[in-house]
Amino acid sequence: MRPSIFFTGAAVFGLGMTGGILGSRLLPPDAPLLPLSATPAVADEIRVTPPVGGEDGIADLVDKVKAAVVNIDTVAHRRVPSQADLFRFFFEGAPGGAPSQREEKGVGSGFVVASSGLIVTNYHVVRGADKLTVTFHDGKKYPGKVIGQDSGTDLALVKIDAKGLPTLRLAQPERLRVGQYVVAMGSPLGLSQSVTTGILSAINRDISLNARVGFLQTDAPINPGNSGGPLLNLRGEVVGVNTAIAARGQGIGFAVPVDTLKTVLPQLEAKGRVERPWIGVGIANLPEDRSRMFYPVDHGVLVGRVEKGGPAETAGLMAGDVILALDRQKLESANELIREVAKHAPGDAVEVLVSRQGQTKSFKLTLQKMPDIKSNEAESEDE
(Lines give C-alpha, C1' and ligand atoms only; values in the text may rest on other atoms or scores of the structure.)
Protein backbone atom coordinates (compact mmCIF):
# COMPACT_ATOMS: atom_id res chain seq x y z
CA MET A 1 0.00 0.00 0.00
CA ARG A 2 1.41 3.37 -1.01
CA PRO A 3 1.63 6.03 1.72
CA SER A 4 -0.62 9.08 1.60
CA ILE A 5 1.43 12.00 0.36
CA PHE A 6 1.06 15.71 1.14
CA PHE A 7 2.35 18.59 -0.92
CA THR A 8 4.46 20.84 1.28
CA GLY A 9 3.33 24.25 0.05
CA ALA A 10 1.45 25.71 2.99
CA ALA A 11 -1.74 27.59 2.21
CA VAL A 12 -3.42 30.21 4.39
CA PHE A 13 -7.04 30.51 3.32
CA GLY A 14 -8.69 33.91 3.82
CA LEU A 15 -11.62 33.65 6.21
CA GLY A 16 -12.83 37.25 6.12
CA MET A 17 -11.35 37.88 9.54
CA THR A 18 -8.01 38.43 11.18
CA GLY A 19 -5.83 35.35 10.91
CA GLY A 20 -6.41 32.16 8.97
CA ILE A 21 -5.77 28.47 8.87
CA LEU A 22 -2.60 26.80 7.75
CA GLY A 23 -2.70 23.55 5.84
CA SER A 24 -1.58 21.60 2.81
CA ARG A 25 -3.27 19.69 0.00
CA LEU A 26 -3.63 15.92 0.29
CA LEU A 27 -2.87 14.10 -2.94
CA PRO A 28 -5.31 11.52 -4.27
CA PRO A 29 -4.08 8.08 -3.14
CA ASP A 30 -3.70 6.84 -6.71
CA ALA A 31 -2.41 10.01 -8.38
CA PRO A 32 0.34 9.39 -11.01
CA LEU A 33 4.10 10.92 -10.48
CA LEU A 34 7.96 12.85 -14.01
CA PRO A 35 12.45 14.66 -15.67
CA LEU A 36 17.13 19.40 -18.33
CA SER A 37 19.86 19.07 -20.63
CA ALA A 38 21.42 22.45 -19.94
CA THR A 39 20.84 24.94 -17.17
CA PRO A 40 20.41 28.69 -17.69
CA ALA A 41 23.55 30.77 -17.60
CA VAL A 42 24.62 31.32 -14.01
CA ALA A 43 27.25 33.96 -13.37
CA ASP A 44 27.50 33.96 -9.60
CA GLU A 45 27.12 30.37 -8.44
CA ILE A 46 27.64 29.87 -4.75
CA ARG A 47 30.30 27.24 -4.17
CA VAL A 48 31.17 25.55 -0.90
CA THR A 49 34.61 23.96 -0.68
CA PRO A 50 34.23 20.39 0.62
CA PRO A 51 34.50 18.77 2.95
CA VAL A 52 32.33 20.74 5.36
CA GLY A 53 33.39 19.59 8.81
CA GLY A 54 33.51 20.49 12.46
CA GLU A 55 30.69 21.62 14.68
CA ASP A 56 30.14 24.74 12.56
CA GLY A 57 30.21 22.89 9.22
CA ILE A 58 26.48 23.13 8.48
CA ALA A 59 26.37 26.69 9.79
CA ASP A 60 29.19 27.67 7.42
CA LEU A 61 27.33 26.07 4.51
CA VAL A 62 24.10 27.89 5.39
CA ASP A 63 25.91 31.22 5.63
CA LYS A 64 27.14 30.76 2.07
CA VAL A 65 23.92 29.59 0.41
CA LYS A 66 21.19 31.48 2.26
CA ALA A 67 21.46 34.50 -0.04
CA ALA A 68 20.06 32.38 -2.89
CA VAL A 69 17.13 30.82 -0.95
CA VAL A 70 13.85 32.73 -0.99
CA ASN A 71 10.40 32.81 0.54
CA ILE A 72 7.46 32.98 -1.89
CA ASP A 73 4.13 34.42 -0.73
CA THR A 74 1.15 33.98 -3.03
CA VAL A 75 -2.32 35.48 -3.28
CA ALA A 76 -5.09 33.87 -5.33
CA HIS A 77 -8.68 34.96 -5.77
CA ARG A 78 -11.15 32.09 -6.12
CA ARG A 79 -14.67 32.63 -7.42
CA VAL A 80 -17.25 31.23 -5.01
CA PRO A 81 -21.06 31.50 -5.12
CA SER A 82 -22.77 33.64 -2.53
CA GLN A 83 -25.71 32.48 -0.41
CA ALA A 84 -28.01 34.46 -2.69
CA ASP A 85 -26.58 32.66 -5.72
CA LEU A 86 -27.21 29.27 -4.14
CA PHE A 87 -30.77 30.23 -3.13
CA ARG A 88 -31.61 31.28 -6.68
CA PHE A 89 -30.07 28.13 -8.13
CA PHE A 90 -31.91 25.69 -5.88
CA PHE A 91 -35.27 27.44 -5.48
CA GLU A 92 -35.67 29.50 -8.62
CA GLY A 93 -33.78 27.29 -11.04
CA ALA A 94 -31.79 30.24 -12.35
CA PRO A 95 -28.19 31.31 -11.89
CA GLY A 96 -27.56 34.21 -9.56
CA GLY A 97 -25.53 37.30 -10.18
CA ALA A 98 -21.76 37.59 -10.36
CA PRO A 99 -20.09 35.18 -7.90
CA SER A 100 -18.15 36.61 -5.00
CA GLN A 101 -14.42 36.11 -4.60
CA ARG A 102 -12.45 34.58 -1.80
CA GLU A 103 -8.83 35.52 -1.20
CA GLU A 104 -6.46 32.63 -0.56
CA LYS A 105 -2.94 33.20 0.66
CA GLY A 106 -0.13 30.68 0.45
CA VAL A 107 3.51 30.38 1.32
CA GLY A 108 6.29 28.36 -0.23
CA SER A 109 10.00 28.43 -0.97
CA GLY A 110 12.36 28.72 -3.90
CA PHE A 111 15.97 29.27 -4.91
CA VAL A 112 17.83 31.35 -7.49
CA VAL A 113 19.31 29.47 -10.47
CA ALA A 114 20.27 32.43 -12.69
CA SER A 115 21.72 35.78 -11.62
CA SER A 116 19.25 37.53 -13.94
CA GLY A 117 16.42 36.71 -11.53
CA LEU A 118 15.25 33.16 -12.36
CA ILE A 119 13.91 31.25 -9.36
CA VAL A 120 12.90 27.59 -9.16
CA THR A 121 9.92 26.53 -7.07
CA ASN A 122 7.11 23.96 -7.14
CA TYR A 123 4.17 24.23 -9.51
CA HIS A 124 1.72 23.66 -6.67
CA VAL A 125 3.20 26.65 -4.80
CA VAL A 126 2.33 29.14 -7.59
CA ARG A 127 -0.63 27.40 -9.21
CA GLY A 128 -3.45 29.84 -9.85
CA ALA A 129 -1.71 32.69 -8.01
CA ASP A 130 -2.62 36.23 -9.02
CA LYS A 131 0.22 37.82 -7.06
CA LEU A 132 3.69 36.59 -6.04
CA THR A 133 6.06 38.22 -3.58
CA VAL A 134 9.63 36.93 -3.39
CA THR A 135 11.52 37.72 -0.19
CA PHE A 136 15.27 37.23 0.32
CA HIS A 137 17.11 36.53 3.60
CA ASP A 138 17.94 40.22 4.05
CA GLY A 139 14.28 41.23 3.83
CA LYS A 140 14.36 42.58 0.27
CA LYS A 141 11.10 41.93 -1.56
CA TYR A 142 10.38 41.68 -5.27
CA PRO A 143 7.16 41.06 -7.21
CA GLY A 144 7.44 37.80 -9.11
CA LYS A 145 5.97 36.48 -12.35
CA VAL A 146 5.56 32.84 -13.35
CA ILE A 147 7.25 32.39 -16.74
CA GLY A 148 7.13 28.61 -16.90
CA GLN A 149 5.27 25.82 -15.15
CA ASP A 150 4.84 22.08 -15.48
CA SER A 151 2.30 20.19 -13.42
CA GLY A 152 3.77 16.88 -14.62
CA THR A 153 6.98 17.40 -12.65
CA ASP A 154 5.52 19.89 -10.14
CA LEU A 155 8.15 22.46 -11.13
CA ALA A 156 7.82 26.14 -11.96
CA LEU A 157 10.09 29.02 -12.91
CA VAL A 158 9.55 32.51 -11.47
CA LYS A 159 11.18 35.72 -12.77
CA ILE A 160 11.94 38.82 -10.72
CA ASP A 161 13.37 42.12 -11.92
CA ALA A 162 16.86 41.88 -10.44
CA LYS A 163 20.44 41.40 -11.62
CA GLY A 164 23.66 40.07 -10.17
CA LEU A 165 21.93 37.67 -7.79
CA PRO A 166 23.88 34.83 -6.14
CA THR A 167 22.80 31.43 -7.47
CA LEU A 168 22.89 27.82 -6.36
CA ARG A 169 24.80 25.23 -8.33
CA LEU A 170 23.04 22.05 -9.50
CA ALA A 171 24.66 18.78 -8.41
CA GLN A 172 25.75 16.01 -10.76
CA PRO A 173 23.01 13.33 -10.60
CA GLU A 174 25.47 10.45 -10.92
CA ARG A 175 27.16 11.50 -7.68
CA LEU A 176 24.04 10.98 -5.56
CA ARG A 177 24.32 8.10 -3.10
CA VAL A 178 21.96 6.76 -0.48
CA GLY A 179 23.28 7.73 2.95
CA GLN A 180 24.74 11.08 1.91
CA TYR A 181 24.12 13.97 4.28
CA VAL A 182 21.64 16.54 2.96
CA VAL A 183 20.36 19.93 4.12
CA ALA A 184 16.82 21.18 3.46
CA MET A 185 16.13 24.92 3.41
CA GLY A 186 12.91 26.86 3.04
CA SER A 187 9.95 28.36 4.84
CA PRO A 188 8.12 25.62 6.78
CA LEU A 189 4.85 26.97 8.17
CA GLY A 190 5.96 30.36 6.85
CA LEU A 191 9.08 30.41 9.04
CA SER A 192 11.52 31.68 6.41
CA GLN A 193 15.16 30.61 6.19
CA SER A 194 14.65 27.47 8.29
CA VAL A 195 17.28 24.74 8.04
CA THR A 196 16.97 20.99 8.68
CA THR A 197 19.44 18.18 8.11
CA GLY A 198 19.34 14.45 7.46
CA ILE A 199 20.44 11.89 4.92
CA LEU A 200 19.40 10.80 1.47
CA SER A 201 17.21 7.82 2.39
CA ALA A 202 16.45 6.50 -1.11
CA ILE A 203 16.83 7.37 -4.79
CA ASN A 204 14.31 6.90 -7.60
CA ARG A 205 11.42 6.31 -5.20
CA ASP A 206 8.07 5.52 -6.83
CA ILE A 207 5.27 7.27 -4.92
CA SER A 208 1.68 8.21 -5.72
CA LEU A 209 2.55 11.82 -6.54
CA ASN A 210 3.75 11.36 -10.12
CA ALA A 211 4.56 8.36 -12.30
CA ARG A 212 7.04 10.42 -14.33
CA VAL A 213 9.39 11.24 -11.46
CA GLY A 214 11.66 8.95 -9.51
CA PHE A 215 11.70 10.93 -6.26
CA LEU A 216 14.47 11.38 -3.73
CA GLN A 217 13.49 10.33 -0.23
CA THR A 218 15.05 12.06 2.76
CA ASP A 219 14.66 12.06 6.53
CA ALA A 220 15.58 15.75 6.73
CA PRO A 221 12.41 17.25 8.27
CA ILE A 222 10.18 18.85 5.60
CA ASN A 223 6.92 20.61 6.43
CA PRO A 224 4.18 22.63 4.69
CA GLY A 225 5.86 25.74 3.32
CA ASN A 226 9.12 23.92 2.48
CA SER A 227 7.83 23.23 -1.02
CA GLY A 228 10.10 24.59 -3.73
CA GLY A 229 13.09 24.99 -1.44
CA PRO A 230 16.42 23.32 -2.16
CA LEU A 231 17.66 19.99 -0.85
CA LEU A 232 21.45 20.45 -0.74
CA ASN A 233 24.50 18.24 -0.39
CA LEU A 234 27.41 19.29 1.79
CA ARG A 235 29.00 21.03 -1.19
CA GLY A 236 26.06 23.44 -1.20
CA GLU A 237 24.80 21.98 -4.48
CA VAL A 238 21.12 21.35 -5.21
CA VAL A 239 20.33 17.63 -5.30
CA GLY A 240 16.54 18.09 -5.31
CA VAL A 241 13.52 20.36 -4.88
CA ASN A 242 11.57 19.73 -1.65
CA THR A 243 8.05 18.74 -2.65
CA ALA A 244 6.04 16.37 -0.45
CA ILE A 245 5.81 14.49 2.84
CA ALA A 246 4.26 11.19 3.88
CA ALA A 247 1.01 11.91 5.71
CA ARG A 248 1.32 9.07 8.21
CA GLY A 249 5.06 8.89 8.72
CA GLN A 250 7.93 10.67 10.39
CA GLY A 251 11.20 11.46 8.67
CA ILE A 252 9.82 10.62 5.22
CA GLY A 253 10.02 13.54 2.82
CA PHE A 254 10.33 13.64 -0.95
CA ALA A 255 12.13 15.89 -3.43
CA VAL A 256 12.09 16.18 -7.22
CA PRO A 257 15.59 15.01 -8.20
CA VAL A 258 18.17 17.25 -9.84
CA ASP A 259 18.21 15.22 -13.08
CA THR A 260 14.51 15.96 -13.56
CA LEU A 261 15.16 19.63 -12.84
CA LYS A 262 18.01 19.68 -15.39
CA THR A 263 15.70 18.22 -18.05
CA VAL A 264 12.77 20.55 -17.43
CA LEU A 265 14.41 23.89 -16.61
CA PRO A 266 15.62 24.89 -20.10
CA GLN A 267 12.17 24.24 -21.56
CA LEU A 268 10.46 26.27 -18.85
CA GLU A 269 12.80 29.17 -19.55
CA ALA A 270 12.56 28.98 -23.33
CA LYS A 271 8.95 27.92 -23.88
CA GLY A 272 7.17 28.30 -20.56
CA ARG A 273 6.07 24.67 -20.71
CA VAL A 274 7.38 21.16 -21.30
CA GLU A 275 7.03 19.24 -24.55
CA ARG A 276 7.01 15.55 -23.67
CA PRO A 277 8.15 12.69 -25.88
CA TRP A 278 5.60 10.01 -26.79
CA ILE A 279 5.83 6.39 -27.92
CA GLY A 280 2.12 5.96 -28.57
CA VAL A 281 1.27 2.90 -26.49
CA GLY A 282 -1.02 2.06 -23.60
CA ILE A 283 1.02 0.12 -21.05
CA ALA A 284 0.61 -1.89 -17.86
CA ASN A 285 2.69 -3.89 -15.43
CA LEU A 286 2.97 -7.60 -16.10
CA PRO A 287 0.40 -9.69 -14.18
CA GLU A 288 1.75 -11.47 -11.14
CA ASP A 289 0.40 -14.77 -12.42
CA ARG A 290 2.36 -15.05 -15.64
CA SER A 291 1.40 -18.67 -16.23
CA ARG A 292 -1.68 -17.33 -18.03
CA MET A 293 0.47 -15.48 -20.53
CA PHE A 294 1.34 -16.86 -23.92
CA TYR A 295 5.05 -16.76 -23.18
CA PRO A 296 7.22 -16.59 -20.05
CA VAL A 297 9.18 -13.43 -19.27
CA ASP A 298 10.84 -12.41 -16.01
CA HIS A 299 10.60 -8.65 -16.55
CA GLY A 300 9.16 -6.03 -18.87
CA VAL A 301 6.13 -3.84 -19.56
CA LEU A 302 2.99 -5.13 -21.27
CA VAL A 303 1.70 -3.22 -24.30
CA GLY A 304 -2.09 -3.17 -24.10
CA ARG A 305 -2.79 -0.74 -26.91
CA VAL A 306 -0.92 0.79 -29.86
CA GLU A 307 -2.08 4.22 -30.99
CA LYS A 308 -2.88 4.47 -34.67
CA GLY A 309 -0.26 6.52 -36.51
CA GLY A 310 1.96 6.80 -33.42
CA PRO A 311 5.69 6.05 -33.24
CA ALA A 312 5.14 2.51 -31.94
CA GLU A 313 2.78 1.53 -34.73
CA THR A 314 5.10 3.06 -37.34
CA ALA A 315 8.02 1.06 -35.92
CA GLY A 316 6.04 -2.21 -35.88
CA LEU A 317 5.09 -2.74 -32.23
CA MET A 318 1.84 -4.60 -31.53
CA ALA A 319 -0.61 -5.01 -28.66
CA GLY A 320 0.53 -7.98 -26.57
CA ASP A 321 4.24 -7.21 -26.95
CA VAL A 322 6.29 -7.00 -23.78
CA ILE A 323 8.83 -4.17 -23.82
CA LEU A 324 11.94 -5.56 -22.15
CA ALA A 325 14.29 -2.60 -22.51
CA LEU A 326 14.55 0.93 -23.87
CA ASP A 327 17.99 1.85 -25.19
CA ARG A 328 19.34 -1.23 -23.35
CA GLN A 329 17.91 -0.06 -20.03
CA LYS A 330 16.13 -3.06 -18.50
CA LEU A 331 12.53 -2.36 -17.52
CA GLU A 332 10.69 -3.81 -14.53
CA SER A 333 7.54 -1.67 -14.45
CA ALA A 334 5.36 0.69 -16.46
CA ASN A 335 6.58 3.64 -14.39
CA GLU A 336 10.18 2.80 -15.28
CA LEU A 337 9.33 2.96 -18.97
CA ILE A 338 7.56 6.30 -18.45
CA ARG A 339 10.64 7.73 -16.72
CA GLU A 340 13.06 6.38 -19.33
CA VAL A 341 11.02 7.93 -22.15
CA ALA A 342 10.86 11.22 -20.22
CA LYS A 343 14.67 11.46 -20.31
CA HIS A 344 14.46 11.99 -24.07
CA ALA A 345 13.05 14.71 -26.30
CA PRO A 346 10.61 14.57 -29.22
CA GLY A 347 12.56 13.60 -32.32
CA ASP A 348 15.01 11.33 -30.49
CA ALA A 349 15.55 7.86 -31.95
CA VAL A 350 15.45 5.01 -29.44
CA GLU A 351 15.89 1.24 -29.55
CA VAL A 352 13.07 -0.85 -28.10
CA LEU A 353 13.63 -4.52 -27.23
CA VAL A 354 10.43 -6.56 -27.03
CA SER A 355 9.32 -10.12 -26.44
CA ARG A 356 6.63 -11.29 -28.88
CA GLN A 357 5.21 -14.80 -28.55
CA GLY A 358 8.45 -16.11 -27.11
CA GLN A 359 10.73 -14.38 -29.62
CA THR A 360 12.91 -11.35 -28.86
CA LYS A 361 12.75 -8.55 -31.41
CA SER A 362 14.43 -5.14 -31.66
CA PHE A 363 12.75 -2.05 -33.08
CA LYS A 364 13.98 1.45 -33.84
CA LEU A 365 11.45 4.21 -33.35
CA THR A 366 11.46 8.02 -33.35
CA LEU A 367 9.73 9.69 -30.43
CA GLN A 368 7.03 12.22 -31.22
CA LYS A 369 5.66 15.15 -29.23
CA MET A 370 2.89 14.01 -26.92
CA PRO A 371 -0.48 15.15 -28.31
CA ASP A 372 -1.92 18.22 -26.61
CA ILE A 373 -5.12 16.36 -25.75
CA LYS A 374 -3.28 14.59 -22.95
CA SER A 375 -3.46 16.49 -19.68
CA ASN A 376 -0.36 16.85 -17.55
CA GLU A 377 -2.52 16.41 -14.48
CA ALA A 378 -4.49 13.40 -15.63
CA GLU A 379 -3.39 9.95 -14.57
CA SER A 380 -2.49 7.96 -17.65
CA GLU A 381 -0.65 4.82 -18.59
CA ASP A 382 -0.08 6.11 -22.10
CA GLU A 383 3.46 6.73 -23.26
Side-chain angles (χ1 to χ4, degrees), residues 6-27 69-86 95-114 116-136 139-162 165 186-193 223-229 241-244 256 264-265 267-274 375-378:
F6 279 102
F7 279 132
T8 54
V12 182
F13 299 98
L15 302 177
M17 62 182 75
T18 302
I21 58 172
L22 188 65
S24 58
R25 184 157 68 94
L26 177 64
L27 276 73
V69 180
V70 302
N71 180 88
I72 299 178
D73 291 295
T74 65
V75 176
H77 295 91
R78 312 294 184 191
R79 302 181 70 182
V80 294
S82 65
Q83 289 184 345
D85 295 330
L86 294 175
S100 59
Q101 289 192 337
R102 178 182 66 186
E103 183 177 273
E104 296 180 358
K105 296 181 179 180
V107 61
S109 308
F111 56 94
V112 183
V113 290
S116 58
L118 293 180
I119 295 169
V120 168
T121 188
N122 280 137
Y123 165 77
H124 76 261
V125 169
V126 300
R127 179 184 181 183
D130 302 311
K131 179 182 178 182
L132 300 178
T133 302
V134 176
T135 306
F136 284 78
K140 288 184 179 179
K141 297 179 181 292
Y142 298 85
K145 178 182 178 181
V146 178
I147 64 168
Q149 55 188 325
D150 179 48
S151 63
T153 53
D154 196 20
L155 292 173
L157 194 59
V158 173
K159 181 72 169 65
I160 63 173
D161 187 11
L165 297 174
S187 304
L189 305 181
L191 302 171
S192 62
Q193 294 291 319
N223 292 282
N226 266 122
S227 278
V241 183
N242 303 322
T243 298
V256 177
V264 170
L265 189 52
Q267 294 192 62
L268 294 183
E269 183 185 13
K271 305 174 184 177
R273 57 188 173 83
V274 174
S375 168
N376 285 343
E377 295 188 10

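Numbers for residues simply follow the sequence, beginning at 1. Note that these values count all heavy atoms, side chains included, but never hydrogens, waters or copies made by symmetry.
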Do [X] and [Y] come within less than 4.5 Å of each other through their side chains, counting heavy atoms only?
| X | Y | value |
| --- | --- | --- |
| Lys145 | Val158 | no |
| Val70 | Tyr142 | no |
| Val274 | Leu268 | yes |

Least distance between heavy atoms, [X] atom then [Y] atom:
| X | Y | result |
| --- | --- | --- |
| His77 | Asp130 | N-OD2, 2.7 Å |
| Ala76 | Gly128 | CB-O, 3.5 Å |
| Ala129 | Thr74 | CB-CB, 4.0 Å |
| Thr121 | Ser227 | OG1-O, 4.2 Å |
| Leu157 | Val120 | CD1-CG2, 4.1 Å |
| Val126 | Ala156 | CG2-CB, 3.7 Å |

Stepwise side-chain contact (heavy atoms from CB on, under 4.5 Å) test for Ile160 and Phe136: CA-CA 12 Å; Ile160 63 173; Phe136 284 78; 3.7 Å; yes
Donor-acceptor under 3.5 Å (Asp154 side chain, Asn122 main chain): no
Side-chain donor or acceptor of Lys159 paired with backbone N/O of Ser116 under 3.5 Å: yes
Check against side-chain contact (heavy atoms from CB on, under 4.5 Å), Thr153 and Tyr123: CA-CA 8 Å; Thr153 53; Tyr123 165 77; over 6 Å; no
Return the set of residues passing side-chain contact (heavy atoms from CB on, under 4.5 Å) with [X] (not counting sequence neighbours), or none when no residue passes.
| X | value |
| --- | --- |
| Ser109 | Ser187 |
| Ala270 | none |
| Thr133 | Asp73, Lys131, Thr135, Lys141 |

Asp150 side, atom CG; Leu265 side, atom CG - distance, nearest 0.5 Å: 11.5 Å
Pairwise distance CG(Leu165) to CD1(Ile119) - rounded to 0.5 angstrom: 7.0 Å
